[in-house]
Amino acid sequence: MSHLNRVLHLGDDINTDDIIPANRGTTDDPDYLKQYALEHLIGVGELLKYNAIAAGENFGCGSSREIAPVALKAAGIEKIQAKSFAEIFYRNSINIGLPLEILGEKQQNPVVYAIAQAGGLITFNQMRRQGKISIPKSVTPKRPMTLVEKLLAQASGNTYVRPGEVVFAQVDLALSHDAVAAPVAKTFYKHYGEDAKLWDAQRVVLVADHFIQVNDIRADQKANLMYEQMVEFAKDQGCHLFDMVSPGEAAGICHVLLPEKGFVRPGMIIAGTDSHTCTYGALGAFSTGVGTTDMANIYAMGDMWIRVPPTIVFELSGTLPPYISAKDIILFILGQIGCAGATSKVMEFRGSILAQLPFDERLTLANMAVECGAICGLIVPDDTTRNYVKSRSAQEFTEIIADSDAEYEKVYQFDLSNLEPQVARPPKPDRVVAISELEEVPITKAFIGSCTGGKLYDLAQAAEVLQGRQLADGVKLFIVPASMEIREQAQKLGYLDIFAQAGAQILKTGCGACINSGIGVLDKEETGIYATNRNFKGRSGDPTGKNYLASPRTVAISAVKGKISHSLD
């Protein structure tokens, strides 16, 4: 690294909650953020002593928050070397001009190089608008293509594409929420003019869900300001806005709300300023998380640059045992391949197991693909998909299928006939064991909610367990329906009464404790079991807390037993 002689050496899977904790995310001020970069790993202000980072695999995994590379750059980091980078972090860093080096990479992509040479994506796209740069067509020769390759070829105006090449794909739907929308708006206006307009307001959806409850657990007026700025931007631009329905209560958590409201259909290209945008792959769409700069440029240009990803296939066969859920399946896969097992790739789920999963469960599979490093979790549309989409939207859609001789990077085959309930130990979602192999773990908190665990099917699993039972002494169980529609359905079906009679606290709809921004977070040295998607240090409360991940059913049983368990005996 030549003059970069103050090198901080780190290991594998350094995640965005390590880089900048979620509770620091209510501002995009670099001077503030730089003090807290890597605070849980090396301490507050300690990164200022270094000017380079050397790391292992999957650096920057986790959230799509662009404030992660912003914090590192502001702290004086001039270059990061790693064996591999999480794709969203890679894109965000290139976009803001933070140099990255992938150890062992032999070939530089000319488009990525051009963006870096221009000083970042903003300057690059301004030159595009001025006609100084044009995006060349792909020169990939005729070849069989996977589903995602076909989707990206069509969206980029190319006949054929191949994994690894960079294309600019037209976006069909752009999502943002209150944790990121205001910084996106500020970037958009700063670089494209105070009177700039969205390329297509009807393709932009803003949702209030992430930080709207943060003041229930700590004073943070910056969160209120970000929310107000998002609402103002939505009104100025005339885009879709799902505002709070009452103080601190979301209309829904974005990744459940958008399919529910009919915004997502097979064949779409979807970008969202949230890493769990990969959820919409459950409907046969290519959907991925992006950062602030990417989204500001999508607002202006209507397209995004993306490295065409290879696809890994997961053939899931057998007959699913009773009470085993999609959360158990994806945790099992995480335990098999690890958090870096699908880095920068698409995970395509197939097999007889899918026919056994209701639509809600498919969302869970796709949602947690990003925990494996993937940029999208894809399920080829079938009758379950079609029936759901047609029940939610009157708009037509065209299905695309892969070529029969398409090339896949790898095919995993898992017979799940004997799958046990799975539990992920802290502090990583791939530290997975079958529950029979887990030591006795007493708990004080349990949480069923989030885009992963607050759907109607999830609540049904919890209600079946809690019917006629009471929480163990000393255990608090928090339940969060993921949308107002789900809340209303759960009320009609009697689930909310069951939860209340068992002693659970039914919270307002929103992301809340999942992102350390609402009731239900872990206190110091506390242990909890959560039906959420991440258990990184400090992700859902105090960094000394221990967060175990499991299915809603396992969480509910554990709350009754007072320890992590899957047995009601």
Side-chain angles (χ1 to χ4, degrees), residues 16-17 19-37 39-40 44 62-68 70-71 74 175-188 205-236 241-255 257 272-276 289 291-292 295-296 447 449-451 454 478 480 482 507-523 532 534 536 538-543:
T16 45
D17 285 278
I19 297 169
I20 190 72
N23 63 313
R24 305 297 182 187
T26 54
T27 179
D28 59 347
D29 178 8
D31 288 332
Y32 171 85
L33 294 170
K34 69 182 183 183
Q35 299 293 330
Y36 300 101
E39 66 171 297
H40 293 337
V44 174
S63 169
S64 63
R65 64 185 77 125
E66 190 172 297
I67 56 173
V70 166
L175 158 74
S176 197
H177 49 61
D178 57 295
V180 189
V184 172
K186 182 168 68 175
T187 303
F188 175 60
V205 183
L206 304 182
V207 181
D209 63 358
H210 267 59
F211 288 152
I212 59 174
Q213 298 168 358
V214 68
N215 283 283
D216 290 344
I217 60 170
R218 61 179 178 271
D220 193 335
Q221 294 309 308
K222 293 175 291 188
N224 295 341
L225 179 61
M226 291 177 78
Y227 159 73
E228 292 167 359
Q229 290 171 338
M230 180 187 76
V231 172
E232 181 181 359
F233 179 77
K235 290 178 178 177
D236 288 345
L241 171 67
F242 289 96
D243 202 351
M244 288 188 285
V245 295
S246 64
E249 177 129 53
I253 298 172
C254 55
H255 303 311
L257 189 66
T273 54
D274 191 284
S275 59
H276 289 109
T292 304
M295 186 57 72
F447 185 94
S450 80
C451 56
F478 304 94
V480 186
L507 303 179
K508 294 178 178 180
T509 293
C511 296
C514 178
I515 194 170
N516 198 4
S517 296
I519 295 169
V521 295
L522 293 170
D523 295 327
T532 54
R534 289 183 181 146
F536 299 140
R539 166 76 182 188
S540 298
D542 192 273

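Computed from a prediction, not measured in an experiment: that's the story for all the values here.
Using cut-offs of 30° and 60° on the angle between ring planes, the pair His177 and His210 is parallel.
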### Task
Verify side-chain contact (heavy atoms from CB on, under 4.5 Å) between Arg24 and Tyr32, making sure each step is shown before the conclusion.
CA-CA 9 Å; Arg24 305 297 182 187; Tyr32 171 85; 3.2 Å; yes
### Task
In sequence, state the C-alpha distance, the side-chain angles, and the governing distance for Val180 and Met230, and then conclude on side-chain contact (heavy atoms from CB on, under 4.5 Å).
CA-CA 9 Å; Val180 189; Met230 180 187 76; over 6 Å; no
### Task
Report the C-alpha separation of Ser517 and Arg218 in whole Å, then their side-chain angles, then the decisive distance to 0.1 Å, and conclude whether the side-chain contact (heavy atoms from CB on, under 4.5 Å) test is met.
CA-CA 8 Å; Ser517 296; Arg218 61 179 178 271; 3.9 Å; yes
### Message
Test side-chain contact (heavy atoms from CB on, under 4.5 Å) on Asp178 and Met226; report intermediate values, then the result.
### Response
CA-CA 6 Å; Asp178 57 295; Met226 291 177 78; 5.8 Å; no
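Side chain of Arg539 to main chain of Asn516: no donor-acceptor pair is present (N/O by atom type, distance under 3.5 Å, no hydrogens or angles). Asp220 places no side-chain N or O within donor-acceptor distance of the main-chain N or O of Asn215, the cut-off being under 3.5 Å. Side chain of Glu249 to backbone of Gln213: no donor-acceptor contact under 3.5 angstrom is found.
The shortest heavy-atom contact between Pro543 and His40 is CG-CE1, 3.6 Å. Closest non-hydrogen pair, Gln221 versus Asn224, comes out as OE1-ND2, 2.8 Å. Ala482 and Ser450 make their closest contact through CB-O, 4.0 Å (heavy atoms, listed as atom of the first residue, atom of the second, distance). Between Ala182 and Gln229, the shortest heavy-atom distance links the atoms CB-OE1, 3.3 Å. For the residue pair Ala223 and Val214, the shortest heavy atom distance occurs at CB-CG1, 3.4 Å. Here the closest non-hydrogen pair linking Ile212 and Ala250 is CD1-N, 3.6 Å.
Ile515 is listed as a side-chain neighbour of Phe211, based on a closest heavy-atom distance under 4.5 Å.
Note: Ile20 CD1 to Leu33 CG = 5.0 Å, rounded to the nearest 0.5 Å. The OH atom of Tyr227 lies 3.5 Å from the CG atom of Asp243; values are rounded to the nearest 0.5 Å. Here Thr273 contributes atom OG1 and Leu206 contributes atom CG; the two are 8.5 Å apart, rounded to the nearest 0.5 Å. We find the OG1-CG distance between Thr26 and Leu225 to be 9.5 Å, quoted to the nearest 0.5 Å. Ile217 CD1 to Asn23 CG: the interatomic distance, rounded to the nearest 0.5 Å, is 8.5 Å. In this structure, Ser275 OG and His255 NE2 are separated by 7.0 Å, a value rounded to the nearest 0.5 Å.
The side-chain contact (heavy atoms from CB on, under 4.5 Å) search around Val207 returns Leu175, Val205, Asp209, Phe242, Cys254, Leu257, Leu258, not counting sequence neighbours.
Side chain to side chain, Arg534 and Thr16 fail the donor-acceptor criterion of an N or O pair below 3.5 Å.
Taking a cutoff of 4.0 Å between a charged side-chain nitrogen and a carboxylate oxygen, Asp28 and Arg65 do not qualify as a salt bridge.
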